[in-house]
Asks: 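Below you will find the structure I want to go over with you.
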Amino acid sequence: MIAEPHIPFEYEVLYEDDGIIVIDKPHFLATTPRGMWYRETALIRLRERYGEPNIVPAHRLDRLTAGVVVFVRKPELRGAYQMLFQERKTVKTYECLAPLAPIMRPRYGTVMRIDRNRPFPLVRRSHIAKDRGRLQAYEIPATVNAESLVERGDDPRIIGGKTVIRYILHPRTGKTHQLRVHMNSLGLPILGDDFYPEIIQRPYDDFSRPLELVARKLEFDDPITGERRMFVSKVPLGNA
């Protein structure tokens with residue numbers, strides 16, 4: 001049995017009150033226990049730090065994705081905050097680094113440009129499927145269940161001998177690996193992605209090549225106070 005590696009990165013608390021704790025999760029740290037990961041997860045670290053065993057996440061980020069995550073402190077508030085995410089009443093903005101290159105025509109689904117004279121922004125729609133036990137999600141010719149708005153920044157740089165640029169991603173649905181699948185289908189795989197376009201096996205304790213994807217901003221109306229909330233991740237892309 002493989003020992004659980006220590007994740008040498010810490011979260012930052014962006015906000016807390018009696019009801020919620022909002023953190024800036026680093027790359028490689030899982031949100032909740034799963035598989036070999038238990039103590040080295042954001043949830044267990046938070047429970048141990050605050051001495052509050054009732055803390056639970058209102059939503060989740062993939063272990064390899066960094067950024068804003070909301071946790072709920074009181075059992076009686078769980079439903080209200082979790083429903084925000086289940087009913088898609090939040091506004092999520094992600095950022096990633098990917099190749100500066102012409103987009104490819106995806107095999108399935110559609111690509112719609114907002115301005116016909118410019119490649120970006122664009123709306124990518126497709127049907128994404130994910131099988132239990134299969135690492136990759138995949139697209140099939142079926143009714144659309146995943147939609148992402150993709151914008152391109154204006155800050156190209158050279159990383160590893162390749163020209164990459166920042167993309168701003170707005171998921172309008174929440175399918176597993178949606179942004180990673182959609183970017184890969186456009187011929188723009190996210191830098192550091194070990195699943196798309198192909199699976200790359202790395203040691204569990206290799207933290208040298210993070211997935212360059214960050215849940216940069218989260219906005220919602222607080223279900224308890226009605227106050228508009230906005231939280232912004234400080235995690236850099238490309239070690240910038």
Side-chain angles (χ1 to χ4, degrees), residues 7 9-16 20-32 41-43 46 57-71 81 84-86 88-100 114 120-124 128 146-157 159 163-186 188-196 207 209-222 227-240:
I7 307 298
F9 309 105
E10 291 296 331
Y11 63 81
E12 178 183 349
V13 175
L14 298 174
Y15 172 84
E16 65 173 295
I20 61 174
I21 303 171
V22 183
I23 71 165
D24 202 357
K25 187 184 82 66
H27 293 103
F28 300 108
L29 185 69
T31 303
T32 58
T41 62
L43 175 62
L46 277 170
H59 62 120
R60 289 173 174 79
L61 285 183
D62 289 344
R63 186 176 74 87
L64 300 179
T65 303
V68 180
V69 187
V70 178
F71 290 83
Y81 285 100
L84 280 177
F85 294 89
Q86 293 174 16
R88 298 174 188 162
K89 293 181 178 179
T90 61
V91 178
K92 300 177 181 178
T93 302
Y94 289 70
E95 291 182 348
C96 73
L97 290 179
L100 176 59
I114 305 300
F120 293 92
L122 61 82
V123 177
R124 174 79 177 104
I128 295 178
E147 179 177 318
S148 306
L149 171 65
V150 182
E151 301 177 86
R152 188 170 68 189
D154 56 2
D155 48 356
R157 65 178 102 165
I159 296 180
T163 303
V164 300
I165 197 167
R166 181 174 58 95
Y167 292 84
I168 304 94
L169 313 174
H170 307 272
R172 293 174 173 172
T173 52
K175 306 305 290 185
T176 299
H177 295 177
Q178 176 178 316
L179 297 176
R180 297 162 70 178
V181 170
H182 276 172
M183 289 297 288
N184 182 61
S185 73
L186 294 169
L188 306 171
I190 297 173
L191 211 65
D193 197 334
D194 289 346
F195 283 10
Y196 307 95
F207 309 114
R209 191 169 180 260
L211 174 68
E212 298 292 351
L213 176 64
V214 175
R216 181 64 69 198
K217 184 165 62 173
L218 177 65
E219 301 172 78
F220 58 86
D221 292 329
D222 192 289
E227 179 183 355
R228 186 65 176 176
R229 304 283 195 184
M230 183 178 75
F231 305 106
V232 180
S233 170
K234 302 173 188 175
V235 176
L237 286 171
N239 296 318

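We number each residue from 1, following the sequence as shown.
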Asks: Could you measure the distance from the CG atom of L122 to the NE2 atom of H182? Nearest 0.5 Å is fine.
Replies: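 One finds 10.5 Å between CG of L122 and NE2 of H182.
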Asks: Given side chains that start at C-beta, do those of I114 and E151 come closer than 4.5 Å, heavy atoms only?
Replies: no
Asks: Would you call T176 and I128 a side-chain contact if the rule is heavy atoms closer than 4.5 Å?
Replies: no
Asks: Of the non-hydrogen atoms in I168 and G153, which two are nearest, and what is the gap between them?
Replies: CD1-N, 4.0 Å
Asks: Which heavy-atom pair separates F9 from H27 by the least distance, and what is that distance?
Replies: CD1-O, 3.9 Å
Asks: For R63, does its backbone N or O pair with a side-chain atom of K25 as donor and acceptor, under 3.5 Å?
Replies: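 Answer holds: yes.
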Asks: Is there a side-chain contact (heavy atoms from CB on, under 4.5 Å) between H59 and L218? Walk through the geometry before answering.
Replies: CA-CA 12 Å; H59 62 120; L218 177 65; 4.3 Å; yes
Asks: Locate the shortest heavy-atom distance separating P26 from A66; write the atom from each residue and the value.
Replies: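 For P26 and A66, the tightest heavy-atom pair comes out as C-CB, 3.8 Å.
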Asks: As an exercise, state the distance from CG of L29 to CD1 of I23, rounded to the nearest 0.5 Å.
Replies: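 Atom-to-atom, L29:CG and I23:CD1 are 7.0 Å apart.
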Asks: Can you confirm whether L169 sits close enough to C96 that some side-chain heavy atom of one is under 4.5 Å from a side-chain heavy atom of the other?
Replies: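 Yes - at least one pair of side-chain heavy atoms lies under 4.5 Å apart.
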Asks: Would you indicate whether the side-chain heavy atoms of Y196 and L211 approach each other to under 4.5 Å?
Replies: no
Asks: Can you give me the closest heavy-atom contact between V123 and L149, atom names plus distance?
Replies: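 Taking every non-hydrogen atom into account, CG2-CD1, 3.9 Å.
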Asks: Among V150, T65, I190, find the residue that satisfies the side chain to side chain contact (heavy atoms under 4.5 Å, CB included) test when tested with Y94.
Replies: T65
Asks: Say whether, by atom type as modelled, one donor and one acceptor occur between the side chain of T31 and the main chain of L61 under 3.5 angstrom.
Replies: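 Yes, the answer is positive, given that a donor and an acceptor are paired below the 3.5 Å cut-off.
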Asks: Supply the atom-to-atom distance R228 CZ to F220 CZ, rounded to the nearest 0.5 angstrom.
Replies: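 Going from CZ on R228 over to CZ on F220, the span is 9.0 Å.
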Asks: Can you check whether V69 reaches R60 side chain to side chain, under 4.5 Å on heavy atoms?
Replies: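 No, too far: nothing below the 4.5 Å cut-off.
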Asks: Kindly determine whether V70 and V22 satisfy side-chain contact (heavy atoms from CB on, under 4.5 Å), including the steps that lead there.
Replies: CA-CA 4 Å; V70 178; V22 183; 4.1 Å; yes
Asks: Within the structure provided, determine whether D222 and Y81 are in side-chain contact (heavy-atom separation under 4.5 Å).
Replies: yes
Asks: Can you tell me how far apart OH (Y167) and CG (L186) are? Round to the nearest 0.5 Å.
Replies: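 Reported to 0.5 Å precision, the distance equals 9.0 Å.
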Asks: Quick one, R180 with D62, criterion side-chain contact (heavy atoms from CB on, under 4.5 Å). Give me CA distance, side-chain angles, the key distance, then yes/no.
Replies: CA-CA 11 Å; R180 297 162 70 178; D62 289 344; 3.7 Å; yes
Asks: Hey, which of T163, I165, L100, L97 is the one that makes side chain to side chain contact (heavy atoms under 4.5 Å, CB included) with R157?
Replies: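 So the option named by the test is L97.
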Asks: Please give me the minimum heavy-atom distance between I159 and G238, naming the atom from each residue.
Replies: CD1-CA, 4.3 Å
Asks: State, with a plain yes or no, whether a side-chain heavy atom of P210 is found less than 4.5 Å away from one of E212.
Replies: yes
Asks: Just jot down the side chain to side chain contact (heavy atoms under 4.5 Å, CB included) partners of E16, sequence neighbours excluded, or say none.
Replies: V13, I21, Y50, R73
Asks: Please report the closest heavy-atom contact between V68 and S233, naming both atoms and the distance.
Replies: CG2-N, 3.6 Å
Asks: If we ignore hydrogens and angles and just use 3.5 Å, is the side chain of Q178 paired with the main-chain N or O of E147 as donor and acceptor?
Replies: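 At least one qualifying donor-acceptor pair exists.
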Asks: For D194, what residues pass the side chain to side chain contact (heavy atoms under 4.5 Å, CB included) criterion, not counting sequence neighbours?
Replies: I200, R202, R209
Asks: Short question: side chain of D24, backbone of K234 - any donor-acceptor pair under 3.5 Å?
Replies: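 Yes; judged by distance alone, with no hydrogens or angles, the pair exists.
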Asks: With rounding to the nearest 0.5 angstrom, report the CG to CE distance, L191 to M183.
Replies: 10.5 Å
Asks: Parallel, tilted or perpendicular: which one describes the rings of F28 and F207, with boundaries at 30° and 60°?
Replies: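 Aromatic pair F28/F207 classed perpendicular.
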Asks: Walk me through it: do R166 and D155 pass the test salt bridge (Lys or Arg N to Asp or Glu O under 4.0 Å)?
Replies: CA-CA 7 Å; R166 181 174 58 95; D155 48 356; 3.1 Å; yes
